[in-house]
Q: 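Just passing along the structure, written as structure tokens.
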Number of protein chains: 2
Amino acid sequence: MGTNAAGFNNILQTWGYKPTTQRQAVLEVILKNQDKHLSAEEVFAETKKTNPRIGLATVYRTLQLFEKVGVLQHISLDDGCMRYEMADPEQKYEHQHLICEVCSDVIEIREDMAFFAEKVFLQKGFRITTHQVKAFGICKKCSDDLECNHGNDGK
Amino acid sequence: MGTNAAGFNNILQTWGYKPTTQRQAVLEVILKNQDKHLSAEEVFAETKKTNPRIGLATVYRTLQLFEKVGVLQHISLDDGCMRYEMADPEQKYEHQHLICEVCSDVIEIREDMAFFAEKVFLQKGFRITTHQVKAFGICKKCSDDLECNHGNDGK
DNA sequence: ACCCTAATGAGTTTCATTTTCATTTGCTTT
DNA sequence: AAAGCAAATGAAAATGAAACTCATTAGGGT
């Protein structure tokens with residue numbers, strides 16, 4: 001199972017949704033860009049390459065639909081729009097995002113946060129279903145670059 | 001030191017900004033609502049009570065300014081607008097938000113995440129300056145309520 | 001081929017946030 | 001205290017992501 005073009009139709013049909021060409025086209029874009037975090041506009045632009053007649057509204061609706069059926073999840077990287085990525089097939093662990101304040105690169109990491117959810121439940125009785133960890137800072141590359149320019153005044 | 005009306009003027013002047021009446025009025029609103037996570041519109045509405053001539057644009061600009069000088073920090077609770085809260089005076093630990101999906105209540109907790117930053121730095125060379133942990137789920141109260149209605153169909 | 005509903009697309013609308021620009025205000029210098 | 005000036009403000013307009021409207025199209029079953 002999992003999220004491939006084949007199992008995908010099953011997922012939609014289980015929920016009573018039709019596997020239309022637009023939805024398949026959007027899925028392909030998603031699958032081809034699993035390493036990225038595309039916005040609705042970006043998915044729109046990319047999908048139009050193979051499916052020029054698709055409308056932006058359909059992309060927005062499709063992304064929400066995919067989130068509903070568990071294929072996608074949205075994240076906010078504080079850049080003015082919602083972004084989407086493949087949902088974790090296992091709910092157990094979830095991943096985190098490191099956003100470099102210099103080069104805007106987004107690095108994904110997978111730190112186990114189960115202890116966090118457990119602690120919160122024990123202490124507050126709050127049952128976590130999903131969580132997002134977003135960290136801003138300076139990535140190794142930019143850190144090294146700054147190191148190199150040490151002593152320069154930038155001119 | 002710290003963020004009170006007195007030390008506040010110093011902070012602004014250090015950065016070369018003027019402690020205007022509008023900025024002081026917004027600060028008072030912030031200080032009076034430290035337990036909440038106000039949006040720009042909410043700060044605007046609240047500030048108008050004591051300062052009816054203030055403009056919405058000024059509130060937006062002031063909130064950004066306060067963030068810049070380290071008085072505030074913004075958070076996204078996925079409810080359609082940016083929200084603000086007092087910045088942590090110590091950069092060491094930061095706090096996390098639990099958002100109940102039933103009653104929309106926001107609970108703050110303070111779990112030490114220093115180990116997380118350390119681990120990320122050791123493994124990726126990424127130096128975290130700020131991070132946000134946002135967890136969605138069901139709070140204790142709503143969880144108990146659901147328990148009570150067990151067996152009912154809601155009518 | 002027909003029917004019916006879900007799905008789509010183009011355009012419109014909403015609403016948070018930003019920008020513009022003329023006016024005002026807070027300081028600093030006389 | 002008056003003048004000068006840049007920073008700050010307010011009102012209005014602009015922007016842009018996301019949602020909505022509604023007439024049209026397309027799936028899937030009969």
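Just the heavy atoms: all of them, side chains too, but no hydrogens, waters or symmetry mates, feed the values below. Chain letters run A, B, ... following the sequence lines, proteins first, then strands; residues in each count from 1.
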Q: Tabulate below the donor-acceptor pairs under 3.5 Å that side-chain atoms of residues 48-57 of chain B make, not counting sequence neighbours, or state none.
A:
unit_1	atom_1	unit_2	atom_2	d
B/Lys49	NZ	B/Glu46	OE1	3.3
B/Lys49	NZ	B/Glu46	OE2	3.2
B/Thr50	OG1	B/Thr47	O	3.3

Q: Got a donor-acceptor contact below 3.5 angstrom from the A/Gln132 side chain to the A/His74 backbone?
A: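 Indeed, once roles are kept as given, a pair shorter than 3.5 Å links the two residues.
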Q: What's the verdict on ring-ring contact (aromatic ring centres under 6.0 Å, His included) for A/Phe115 and B/Phe115, showing C-alpha distance, side-chain angles and the deciding distance?
A: CA-CA 13 Å; A/Phe115 77 95; B/Phe115 78 96; 5.6 Å; yes
Q: Any N/O pairs under 3.5 Å between the protein and nucleotides 22-30 of chain D? List them or say none.
A:
none

Q: Would you mind reading off the distance between A/Gln64 atom CD and D/dA18 atom C1', rounded to a whole angstrom?
A: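 After rounding, the gap between these two atoms is 8 Å.
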Q: Report the residue (A/Arg23 or B/Ala40) whose heavy-atom-nearest nucleotide on DNA chain C is the more 5′ of the two.
A: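 Upstream on the strand: A/Arg23.
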Q: Distance check needed: D/dA17 C1' versus A/Leu63 CG, whole Å only.
A: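 Rounded to the whole Å, the gap is 13 Å.
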Q: Using C1' atoms of five pairs at each end, report the bend of the helix from C/dA1-D/dT30 to C/dT30-D/dA1 rounded to 10 degrees.
A: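 Overall, the helix from C/dA1-D/dT30 to C/dT30-D/dA1 bends by 30° from one end axis to the other.
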Q: Would you mind reading off the distance between B/Trp15 atom CH2 and D/dA8 atom P, rounded to a whole angstrom?
A: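 After rounding, the reported distance stands at 13 Å.
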Q: Contact class for A/Ile54 vs. all strands (heavy atom < 4.0 Å): base, sugar-phosphate, or nothing?
A: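 Contact class for A/Ile54: sugar-phosphate only.
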Q: Measure the spacing between NZ of A/Lys68 and CG of A/Leu63 and express it to the nearest 0.5 Å.
A: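 Nearest 0.5 Å value for the NZ-CG distance: 14.5 Å.
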Q: Taking the side chain from B/Ser143 and the backbone from B/Ile138, do they hold a donor-acceptor pair closer than 3.5 Å?
A: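 No, because the side chain of B/Ser143 does not come within donor-acceptor range (under 3.5 Å) of the backbone of B/Ile138.
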Q: What is the distance from CZ of A/Arg83 to P of D/dA17, rounded to the nearest Å?
A: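 For the pair A/Arg83 CZ and D/dA17 P, the rounded distance is 10 Å.
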Q: Does anyone know the first and last nucleotide of DNA chain C in reach of chain B, 5' to 3', at under 4.0 angstrom to a heavy atom?
A: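 Nucleotide range in contact with chain B: C/dA16 to C/dC27.
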Q: Please check if the side chain of A/Thr62 supplies one atom and the backbone of A/Arg23 the other of a donor-acceptor pair under 3.5 Å.
A: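 It does not hold such a pair.
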Q: What orientation do B/Tyr17 and B/Trp15 show, parallel under 30°, tilted 30 to 60°, or perpendicular over 60°?
A: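 Parallel, since the angle between the ring planes stays under 30°.
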Q: Mind calculating the distance between CG (A/Leu56) and C1' (D/dA18) to the nearest angstrom?
A: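 Answer to the nearest Å: 8 Å.
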Q: Run the side-chain contact (heavy atoms from CB on, under 4.5 Å) test on B/Phe116 and A/Ile109 for me, step by step, so that the C-alpha distance in whole Å, both residues' side-chain angles and the decisive distance to 0.1 Å come before the verdict.
A: CA-CA 11 Å; B/Phe116 176 75; A/Ile109 58 175; 4.0 Å; yes
Q: Could I get the full list of ring pair (Phe, Tyr, Trp, His ring centres under 6.0 Å) partners for B/Tyr84, not counting sequence neighbours?
A: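 None.
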Q: Applying side chain to side chain donor-acceptor pair (under 3.5 Å), can you list everything that pairs with B/Lys119, at least two apart in sequence or on another chain?
A: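 Side chain to side chain donor-acceptor pair (under 3.5 Å) list for B/Lys119, sorted by chain: A/Glu111.
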Q: Can you check ring-ring contact (aromatic ring centres under 6.0 Å, His included) on B/Phe8 and B/Phe66, steps first, answer last?
A: CA-CA 10 Å; B/Phe8 174 67; B/Phe66 284 5; 5.2 Å; yes
